[in-house]
Amino acid sequence: MVLTKEYRICMPLTVEEYQIGQLYMIARHSHEQTDSGEGVEVVENVACEDPEYGQGQYTEKRIHLSSRLPYWIQSFIPKVFYVTEKAWNYYPFTITEYTCSFIPKFSISIKTKYENNNGSTDNCLNLDTDALNERTVEFVDIAYDEVNPKHYKEEESIREILLLGHRQAFAWIDEWYGMTLEDVRMYEEQMQRETNTKVAGNGRSDVATTKGTARRSPNEAVDAGSSSTPAAHTPTTPSTPCTPKSKSWFSWS
């Protein structure tokens, strides 16, 4: 079964400004949501390139959630339970895929386009006619929409995750505004090291380390990896975001 849902989120920032804010928000939020043996583990962060979208950055993360699940679910799931996040960042266009180690046939694919408008583009992701007819559009207001008091939990809806994340990016604006891409990438590296250390705090042997993290020139206009930093392998952009028999995907902008 395939579900197509589009979220439109207006931010009081330009596309160029939000590029910094988004990277800062993701790194800080991941660090704050991580505790000993639980949270976000960065497996890989390397440069990538696509013939259509150009240069970008590929990241792979494991989101360890076992202890946050209800006890009746913990009783029969594997001890090592995590969600894998793979992201191809060709800002202002990104693709993010989520898969679950416990349910291998389930996945979510998110395509995102950042534009300097009020969310008025009717088909910014260039969906075909069938997808447009099936699509549901929701508007997310970071100022007035309510956030559930429990904030981020694995069982929440996609919508609350997007609302909380974008609200944090704006709330932390004094922390990141004025940073260059090089500045925020250095901050990201520091947060990744500290976050991976926190995840490994319980002595787990499956925690990997970040490989081939690329730094940027302050004047670069896109989220691109340095050509002098070779990747451990060459990540390729997924050509088909969804397979109807096994995947569902959400598009949001």
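These numbers come from a predicted model, not from an experiment.
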**Asked** Considering residues at least two apart in sequence or located in another chain, which fulfil the side chain to side chain donor-acceptor pair (under 3.5 Å) criterion with Y187?
**Response** none
**Asked** Residues in side chain to side chain donor-acceptor pair (under 3.5 Å) with N116, at least two apart?
**Response** none
**Prompt:** With clusters built from Ile, Leu, Val, Met, Phe, Trp and Tyr whose side-chain heavy atoms come within less than 4.5 Å, directly or transitively, what are the remaining members of the cluster of V137, listed by chain and number?
**Reply:** F139
**Request:** Would you sort out whether E60 and E85 count as a side-chain contact (heavy atoms from CB on, under 4.5 Å), showing the intermediate values?
**Result:** CA-CA 6 Å; E60 181 176 340; E85 176 193 277; over 6 Å; no
**Message:** Restricting to non-hydrogen atoms, name the atom on T84 and the atom on R62 that form the minimum distance, rounded to 0.1 Å.
**Reply:** OG1-CG, 4.4 Å
**Item:** Non-neighbouring partners of D122 that pass side chain to side chain contact (heavy atoms under 4.5 Å, CB included), sequence neighbours left out
**Value:** R8, R135
**Fill in**
Between G39 and V199, the two heavy atoms sitting closest are C-CG2, 4.3 Å
**For S120, side chain to side chain contact (heavy atoms under 4.5 Å, CB included) partners two or more places apart** = N117, N118
**Prompt:** Cut-off 3.5 Å, side chains only: do Y90 and E52 have a donor facing an acceptor?
**Reply:** no
**Set of side chain to side chain contact (heavy atoms under 4.5 Å, CB included) partners for V184, sequence neighbours left out** = I20, L23, Y24, M179, L181
**Test applied, side chain to side chain contact (heavy atoms under 4.5 Å, CB included); reference residue, L163; option that passes from I9, D141, V140** = V140
**Residues in side chain to side chain donor-acceptor pair (under 3.5 Å) contact with D183, at least two apart in sequence or another chain** = T180
**Asked** Looking at residues at least two apart in the chain, or sitting in another chain, which of them share a salt bridge (charged side-chain N to carboxylate O under 4.0 Å, His left out) with E175?
**Response** none
**Asked** What residues, two or more places apart in sequence or in another chain, satisfy side chain to side chain donor-acceptor pair (under 3.5 Å) together with D50?
**Response** T237
**Request:** Answer yes or no: is there a donor N or O on one side and an acceptor on the other, between the side chain of N89 and the main chain of T94, under 3.5 Å?
**Result:** no
**Message:** I'd like to know if E189 and R185 make a salt bridge, using a cut-off of under 4.0 Å between side-chain N and carboxylate O.
**Reply:** no
**Message:** Checking D128 now: which residues fulfil salt bridge (charged side-chain N to carboxylate O under 4.0 Å, His left out) with it, not counting sequence neighbours?
**Reply:** none
**Asked** Is there a donor-acceptor contact under 3.5 Å linking the side chains of Q19 and Y91?
**Response** no
**Request:** Mind checking salt bridge (charged side-chain N to carboxylate O under 4.0 Å, His left out) for E17 and listing every partner two or more places apart, or none if nothing turns up?
**Result:** none
**Request:** List for me each residue that meets ring pair (Phe, Tyr, Trp, His ring centres under 6.0 Å) alongside F93, sequence neighbours excluded, and say none if there are none.
**Result:** Y53
